[in-house]
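Note sheet for the following structure.
Just so you know, these numbers come straight off a predicted model, no measurement behind them. FYI, side chains are in, hydrogens and waters are out, and symmetry mates aren't considered; it's all heavy atoms of this structure.
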Amino acid sequence: MKPLIGRRAERLAQTMLVLLSALAIGTASAAGSGTVVLISMDGVRHDFLDATPLPALERMQREGARAERLIPVYPSNTFPGHVSIATGTWPDVHGIIDNHFEDAEHGVYRYNGDADWIKAEPLWAAAERQGVPAATYFWVGSETDWNGIGARHRMTPFDPNRPETEKAGQVLRWLRLPKTQRPRLIMSYWAGVDSVAHRQGPADPAVAAQLRLQDAALRHLLAGIDAMDRWHTLTLLVVSDHGMTVAGELIDAAAALADAGVKARVLGSAVANVYLENAQDLEAATAALAGLNNVRVRHRADIPAAWRLRHDGRTGDLVAATVPPFVLSPPSNPLCALMPSRCLSPGNHGYSPDHPDMGGILLALGRGVQAGARLPPAHQTDIAATVARLLGITPPAQSEGTPIAGIGG
């Protein structure tokens with residue numbers, strides 16, 4: 001746990017960074033005059049677009065650009081992915097190391113939309129401090145202000161039952177606002193195919209049916225932008241946070257630790273943070289997990305640099321990782337403790353970004369995009385810098401990405 005004076009110094013440093021950036025850049029409108037709409041469709045694998053007719057997404061490919069795939073961060077999960085897209089950096093910097101983890105000071109994080117958990121500046125805060133109005137619709141971490149800065153327009157709280165047609169309608173209403181009120185950056189989370197692909201598996205016909213529903217909502221959005229005649233000033237980006245693959249075989253990491261007499265909390269599926277109750281059990285826990293087939297285990301201090309997962313105060317004493325089709329823990333439903341194998345989903349993600357099934361989508365249409373362009377694989381951390389270039393602002397403060405060639409450049 002950090003001492004109180006250390007936490008105060010960290011908050012002061014973050015506040016000073018924001019103030020100095022605002023002074024350097026000013027609050028006048030940025031040099032660019034474009035608008036960016038960024039839509040994320042959860043769990044849409046890069047090749048799902050080729051498996052079924054999707055008129056709106058096909059139009060984006062025909063009249064705009066499509067990347068071969070969008071490479072996620074590790075673990076390739078929803079909350080780390082969306083925060084990496086928004087901040088332009090990795091989980092070891094922005095702090096959202098998984099959908100579920102523990103923080104030494106703040107306790108347990110589980111799918112939390114509060115911006116206070118995010119340790120790096122998100123796009124909407126970077127835009128607002130540079131005089132560019134922003135709007136967010138259910139984007140991860142956007143429900144509260146980040147270091148005192150929030151999107152001028154935002155929809156909260158998160159509602160998983162909100163249809164995408166309603167989200168598309170709100171995006172269009174924002175775009176129709178008078179120029180003095182209109183956001184120039186709009187970020188919206190869409191359900192994509194994540195839930196159905198988890199439940200049914202990535203190859204089930206229900207996945208294609210759900211994607212067609214998402215495409216219909218996108219078609220409504222495109223038609224609304226057509227009617228406003230905005231494509232010369234507006235760029236639409238459609239991305240996803242991760243892909244999906246076949247899974248469903250349990251390697252029960254918690255049971256292996258219990259059998260070795262180690263008390264620990266195991267949080268995660270493809271990648272698991274292991275929090276020991278007794279630090280003296282480190283070697284026993286390491287041996288217990290290392291003895292499992294298809295599992296790689298690392299001490300926190302020895303996590304490979306390429307994983308970008310070592311975050312002080314959040315990363316477990318140990319980090320275990322597996323490969324498809326294996327998972328390291330069953331769902332948290334109490335009933336699953338009785339028959340964990342019956343609770344496992346036939347579809348899963350979170351695995352190494354190098355696995356081809358983890359790649360997501362990236363399409364762009366409108367201002368700064370060449371019709372029919374085919375782009376090489378891009379990385380999630382490059383999205384923030386790309387959006388910033390389109391808006392004519394500097395990227396978020398901790399962004400490490402590079403603007404994607406072929407979009408706005």
Side-chain angles (χ1 to χ4, degrees), residues 34-73 76 81-82 84-85 88 164 168 171 186-194 197 202 207-208 210-223 225-226 230-232 234-245 349 353-387 389-390 401-409:
T35 296
V36 176
V37 177
L38 175 60
I39 305 293
S40 172
M41 294 184 174
D42 199 337
V44 178
R45 200 170 75 196
H46 62 97
D47 57 348
F48 284 177
L49 304 189
D50 305 316
T52 188
L54 300 164
L57 289 162
E58 288 168 5
R59 175 184 169 185
M60 289 194 69
Q61 296 176 65
R62 184 175 62 254
E63 299 179 10
R66 176 184 176 181
E68 184 179 331
R69 63 190 175 105
L70 188 62
I71 303 167
V73 293
S76 47
H82 278 90
S84 291
I85 290 169
E164 268 60 57
V171 171
I186 300 174
M187 301 172 64
S188 180
Y189 166 87
W190 289 20
V193 300
D194 186 74
V207 174
Q210 171 65 13
L211 189 53
R212 287 193 291 271
L213 291 175
Q214 298 287 291
D215 189 74
L218 180 63
R219 191 162 66 247
H220 174 61
L221 177 61
L222 296 178
I225 299 172
D226 288 342
R230 289 277 183 83
W231 290 113
H232 62 292
L234 183 148
T235 310
L236 172 64
L237 301 176
V238 175
V239 303
S240 62
D241 49 352
H242 55 72
M244 187 75 64
T245 196
H349 49 87
D354 295 332
H355 192 289
D357 285 353
M358 293 302 99
I361 61 170
L362 167 60
L363 299 100
L365 176 65
R367 176 178 177 262
V369 183
Q370 182 179 352
R374 292 297 174 263
L375 309 179
H379 199 279
Q380 279 181 343
T381 55
D382 294 333
I383 298 296
T386 304
V387 170
R389 178 168 67 183
L390 288 163
T402 302
I404 297 167
I407 303 178

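Proximity of a side-chain donor or acceptor of Gln214 to a complementary backbone N or O of Gly192 within less than 3.5 Å is detected. Looking at His46, its side chain does come within 3.5 Å of a backbone N or O of Pro356 through a donor-acceptor pair. Panel note: side chain Arg389, backbone Ile404; a donor-acceptor pair is recorded below 3.5 Å. Side-chain atoms of Glu164 come within 3.5 Å of backbone atoms of Ala191 as a donor-acceptor pair (strictly under, hydrogens ignored). When atom types are taken as modelled, the side chain of His349 and the backbone of Ser76 share a donor-acceptor pair closer than 3.5 angstrom.
Residues Ile71 and Thr381 are not in side-chain contact: their nearest non-hydrogen atoms beyond the backbone lie 4.5 Å or more apart. For the pair Val193/Met41, no side-chain contact is recorded, criterion being any heavy-atom separation below 4.5 Å from C-beta on. Side-chain atoms of Ser240 and Leu70, non-hydrogen and from C-beta on, never get closer than 4.5 Å to each other. In this structure the side chain of Leu38 reaches within 4.5 angstrom of the side chain of Ile85, judged on heavy atoms. Contact check for Val73 versus His379: side-chain heavy atoms found under the 4.5 Å cut-off. Annotation: side chain of Val238 is not in contact with side chain of Val44 (no heavy-atom distance under 4.5 Å). Within the 4.5 Å cutoff, the side chain of Gln61 has heavy atoms near those of the Arg374 side chain. Taking the side chain as every heavy atom from C-beta outward, Trp231 and Val369 never approach each other to under 4.5 Å.
Atom CG of residue Leu237 and atom CD1 of residue Ile361 lie 11.0 Å apart, to the nearest 0.5 angstrom. The distance from atom CE of Met60 to atom CG of Leu49, rounded to the nearest 0.5 Å, is 10.0 Å. Interatomic distance, Leu221 CG to Asp215 CG, rounded to the nearest 0.5 Å: 11.5 Å. Here the CG atom belonging to Leu236 is positioned 13.5 Å from the CZ atom belonging to Arg230, to the nearest 0.5 angstrom. Between Leu57 atom CG and Phe48 atom CZ the span is 13.0 Å, to the nearest 0.5 Å. Here the CD1-OG1 distance, from Ile407 to Thr235, works out to 9.0 Å after rounding to the nearest 0.5 Å.
There is a side-chain donor-acceptor pair under 3.5 Å between Thr52 and Arg212.
Remark: Glu58 CD is packed, more than 12 non-hydrogen atoms of other residues, nucleotides or ligands lying under 6.0 Å away.
Each of Ile186, Val36, Val37 was checked for a side chain to side chain contact (heavy atoms under 4.5 Å, CB included) with Leu234, and the lone residue meeting it is Val37.
Across all non-hydrogen atoms, the minimal contact from Pro202 to Met244 is CB-CG, 4.0 Å. Residue Ala168 comes nearest to Ala217 through the heavy atom pair CB-O, 3.7 Å, listed as atom of the first residue, atom of the second, then distance. For the residue pair Leu390 and Gly408, the shortest heavy atom distance occurs at CD2-CA, 3.5 Å. Scanning all heavy atoms of the two residues, the minimum distance from Asp382 to Thr402 falls at OD1-N, 2.8 Å. Across Gly401 and Ala385, no two heavy atoms sit closer than the pair O-CB, 3.8 Å.
His355 meets the ring pair (Phe, Tyr, Trp, His ring centres under 6.0 Å) test with no other residue; sequence neighbours excluded. For Asp42, the side chain to side chain contact (heavy atoms under 4.5 Å, CB included) partners at least two apart in sequence or on another chain are Thr78, Tyr189, Asp194, Asp241, His242.
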